[in-house]
Amino acid sequence: MKLDEILKKIDKIDRELLVLLQERMGLSLRSKKFSAAETDVQREASLLERVERMNLDLVERSFTRQLLKTIVQESRRLQGEDRPLVAFQGEHGAYGEVASRRLVPGGAYIPCMEFVDVFRGVEEGYLDLGVVPVENSLEGAVTQVNDLLTTTDLKVIGEAKVKVNHCLLATADTDYREIRLVCSHPQALAQCRGFLMRNKLEPRPFYDTAGAAKMLARENPKATAAIASALCAELYDLEIIKQGIEDGPSNTTRFLLLSREPYNGAGNKTSILFATPHEAGRLYEVLKLFAAAEINLTRIASMPLRSDPENYCFFLDFEGSDKDEKAAMVLEQMATLTISMKFLGSYPADTLKA
């Protein structure tokens with residue numbers, strides 16, 4: 001191997017070590033929900049005992065012991081901060097984490113493989129809060145999340161509208177003129193189709209935008225880039241070759257913040273879901289209540305009821321709180337016109353530009 005190849009490989013290993021360390025710290029924070037202090041002490045003793053049995057000729061046992069002790073001490077320090085565990089779907093750097101950082105500054109952001117893992121983790125108390133996408137300005141409703149909202153007891157306590165700003169990312173030692181292959185989620189590749197075609201770049205589907213960035217940092221494949229968020233560049237030590245490469249000028253995703261407890265302040269936006277009998281004019285009667293009370297609706301969407309596909313469940317957001325007299329009266333009247341109604345929560349509306 002030549003010197004530059006050796007140095008590139010060292011850089012790759014260093015990046016991977018840091019990514020793995022980030023994952024390890026996240027798992028340590030999650031373990032606090034399960035384990036007692038005595039168990040942690042026992043585990044540390046067992047870990048150091050295993051180190052004594054390892055025969056690494058280039059790594060002194062004294063160095064390994066000190067390194068692992070430092071990692072364990074840092075894990076305990078993080079656990080002592082008692083940060084709220086905020087779950088999102090995807091790898092670190094996903095747009096769900098971008099929303100999480102806006103909604104819960106100073107939290108510990110925990111990646112989950114599936115949306116159901118976010119819901120179940122919060123419901124069962126292993127995670128404190130969850131952040132999930134509910135709708136996108138280009139793709140519409142996020143069906144799986146809306147379906148989970150119909151069955152959960154979690155409450156909505158906040159929202160964030162995040163502008164999807166796709167970036168072309170590469171490792172620092174990559175010459176952008178040599179890039180031929182671009183990895184990302186199929187949806188992100190489709191949203192950047194024009195950029196890819198103009199630059200004669202071959203799209204390669206990957207399970208997740210942030211996952212593609214993580215793979216790039218770990219493996220550094222030749223002539224390859226990824227499409228992901230700017231946050232991924234910070235987390236995985238990648239270079240932003242170009243920002244804003246999406247074809248559409250307006251691509252925004254709305255995220256909801258979920259909790260086991262309702263919002264304890266004065267919210268100014270409310271989310272509900274309801275189902276009406278399959279009768280002509282029944283939905284109109286419900287919507288007429290809001291018009292008569294001069295309450296502005298900000299969203300209405302529908303999906304078939306899982307238990308009865310011939311009937312529909314409606315998702316509705318409106319301005320105001322359930323504590324407002326007019327809104328409370330409308331909600332009371334709705335109960336007589338619907339076959340089911342579920343209050344998801346009143347919370348502060350996102351007034352920031354996406």
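Being a predicted model, the structure only gives us computed values, none of them experimental.
Under the 4.5 Å side-chain heavy-atom criterion for Ile, Leu, Val, Met, Phe, Trp and Tyr, Tyr312 and Leu273 are members of distinct hydrophobic clusters. Ile13 and Ile6 fall into different hydrophobic clusters, defined by Ile, Leu, Val, Met, Phe, Trp and Tyr side-chain heavy atoms under 4.5 Å apart, directly or through other members. Cluster annotation: Ile339 and Phe315 are assigned to distinct hydrophobic clusters (Ile/Leu/Val/Met/Phe/Trp/Tyr, side-chain heavy-atom contacts under 4.5 Å, transitive). One hydrophobic cluster, built from ILVMFWY side chains closer than 4.5 Å, cannot hold both Leu154 and Met341; they sit in different ones. One hydrophobic cluster, built from ILVMFWY side chains closer than 4.5 Å, cannot hold both Met215 and Leu235; they sit in different ones.
When the options Glu219, Glu23, His92 are evaluated for a side chain to side chain donor-acceptor pair (under 3.5 Å) with Lys214, the one that passes is Glu23. Only one option out of Val134, Leu258, Ile272, Thr270 pairs with Val156 in a side chain to side chain contact (heavy atoms under 4.5 Å, CB included); it is Leu258.
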Tell me, with the steps shown, if Ser75 and Arg24 meet side chain to side chain donor-acceptor pair (under 3.5 Å). CA-CA 9 Å; Ser75 297; Arg24 197 252 187 231; 2.6 Å; yes
So Glu239 and Tyr176, side chain to side chain donor-acceptor pair (under 3.5 Å) or not? Walk me through it. CA-CA 10 Å; Glu239 297 290 324; Tyr176 73 92; over 6 Å; no
Assess the residue pair Leu169 and Ile241 against the criterion (side-chain contact (heavy atoms from CB on, under 4.5 Å)); give the C-alpha distance rounded to whole Å, side-chain angles, the decisive distance to 0.1 Å, and a yes or no. CA-CA 6 Å; Leu169 307 179; Ile241 306 299; over 6 Å; no
Check step by step if side-chain contact (heavy atoms from CB on, under 4.5 Å) holds for Ser321 and Asn268. CA-CA 5 Å; Ser321 164; Asn268 58 1; over 6 Å; no
Apply the test side-chain contact (heavy atoms from CB on, under 4.5 Å) to residues Thr171 and Asp11: give CA-CA distance (whole Å), side-chain angles for both, the deciding distance (0.1 Å), then the verdict. CA-CA 10 Å; Thr171 55; Asp11 289 344; over 6 Å; no
Chi angles and distances behind the salt bridge (Lys or Arg N to Asp or Glu O under 4.0 Å) call for Arg77, Glu74: CA-CA 5 Å; Arg77 187 193 66 78; Glu74 178 63 11; 2.6 Å; yes
Show the numbers, then the answer: is there a salt bridge (Lys or Arg N to Asp or Glu O under 4.0 Å) between Arg254 and Asp350? CA-CA 9 Å; Arg254 178 173 170 243; Asp350 185 1; over 6 Å; no
Please report the C-alpha distance between Lys326 and Met329 in whole Å, then the side-chain angles of each, then the deciding distance to 0.1 Å, and finally whether the side-chain contact (heavy atoms from CB on, under 4.5 Å) criterion is met. CA-CA 5 Å; Lys326 287 195 302 182; Met329 187 176 297; 5.9 Å; no
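Glu246 contributes atom CD, which lies 6.5 Å from atom CG of Asn251 (distance to the nearest 0.5 angstrom). The OG atom of Ser346 sits 10.0 Å away from the NZ atom of Lys155 when rounded to the nearest 0.5 Å. The distance from the CG atom of Leu189 to the CD atom of Glu202 is 10.5 Å, given to the nearest 0.5 Å. Note that CZ of Phe115 and CD of Gln144 are 6.0 Å apart. Values are rounded to the nearest 0.5 Å. We find the CD-CG distance between Glu16 and Asp237 to be 13.5 Å, quoted to the nearest 0.5 Å. Atoms CZ and CZ, on Arg204 and Arg180 in that order, are 14.5 Å from each other to the nearest 0.5 Å.
His185 has its side chain out of reach of Ile227: every pair of non-hydrogen atoms, C-beta onward, lies at least 4.5 Å apart. Inter-residue side-chain proximity for Phe290 and Met334 is flagged as met; some heavy-atom pair is nearer than 4.5 Å. Proximity of Leu316 to Phe274: side-chain heavy atoms (C-beta onward) are separated by under 4.5 Å at one or more points. Here the side chains of Asp82 and Lys32 are in contact, with some heavy-atom distance below 4.5 Å. Ile179 is not listed as a side-chain neighbour of Thr224, based on a closest heavy-atom distance of 4.5 Å or more. By the 4.5 Å heavy-atom criterion applied to side chains, Leu256 and Ile157 are not counted as neighbours. Between Arg102 and Val162, the closest side-chain pair of non-hydrogen atoms falls below 4.5 Å.
Atom CZ of Arg61 has more than 12 heavy atoms from other residues, nucleotides or ligands within 6.0 Å. Within 6.0 Å of atom NZ in Lys69, 12 or fewer heavy atoms from other residues, nucleotides or ligands are found, so the atom counts as exposed in its surroundings. In Glu325, the CD atom is not crowded: 12 or fewer heavy atoms of neighbouring residues, nucleotides or ligands sit closer than 6.0 Å. At most 12 heavy atoms of other shown residues, nucleotides or ligands fall within 6.0 angstrom of atom CD in Glu261.
Closest of all the heavy-atom pairs between Thr209 and Ser184 is CG2-OG, 3.4 Å. What you find for Ala327 and Phe318 is that their closest heavy atoms are CB-CE1, 3.9 Å. Between Gly96 and Val131, the closest heavy-atom pair is O-CG1, 3.9 Å. Minimum heavy-atom separation, Ile240 to Cys167: CG2-CB, 4.1 Å. Listed here is the closest heavy atom pair of Pro133 and Phe255: N-CD2, 3.5 Å. Closest non-hydrogen pair, Arg260 versus Leu127, comes out as NH1-O, 2.9 Å.
Using modelled atom types, one side-chain atom of Gln79 and one backbone atom of Ser28 make a donor-acceptor pair closer than 3.5 Å. Put simply, the side chain of Thr152 never gets that close to the backbone of Leu148: no donor and acceptor are under 3.5 Å apart. Panel note: side chain Thr150, backbone Asp147; a donor-acceptor pair is recorded below 3.5 Å. Remark: the backbone N or O of Glu60 is paired with a side-chain donor or acceptor of Thr64 at under 3.5 angstrom. Under the 3.5 Å distance criterion, the side-chain polar atoms of Asn136 are matched with a main-chain donor or acceptor of Leu138. Counting only distance, with no hydrogens or angles, the side chain of Asp128 and the backbone of Pro84 share no donor-acceptor pair below 3.5 Å. A donor-acceptor distance shorter than 3.5 angstrom exists from the side chain of Asp175 to the backbone of Arg177, with no hydrogens or angles considered. Here the side chain of Asp322 pairs no donor or acceptor atom with the backbone of Ala328 at under 3.5 angstrom. Judged purely by atom type and a 3.5 angstrom limit, Arg282 uses its side chain to pair as donor or acceptor with the backbone of Leu337. No donor-acceptor pair closer than 3.5 Å links the side chain of Thr174 to the backbone N or O of Ala172.
A centroid separation of 6.0 Å or more is found between the aromatic rings of Tyr109 and Phe88. Ring centroid separation for the pair Tyr263 and Tyr347 does not come in under the 6.0 Å cut-off.
Taking a cutoff of 4.0 Å between a charged side-chain nitrogen and a carboxylate oxygen, Glu97 and Arg101 qualify as a salt bridge.
Using a 30° and 60° split on the angle between ring planes, Tyr95 and His166 fall in the perpendicular class, above 60°.
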Please list every donor-acceptor pair under 3.5 Å in which a side-chain atom of residues 294-303 meets a protein atom from a residue at least two apart or in another chain.
{"residue": "Asn296", "atom": "ND2", "partner": "Glu319", "partner atom": "OE2", "Å": "3.2"}
{"residue": "Thr298", "atom": "OG1", "partner": "Asp317", "partner atom": "O", "Å": "3.4"}
{"residue": "Arg299", "atom": "NH2", "partner": "Asn146", "partner atom": "OD1", "Å": "3.2"}

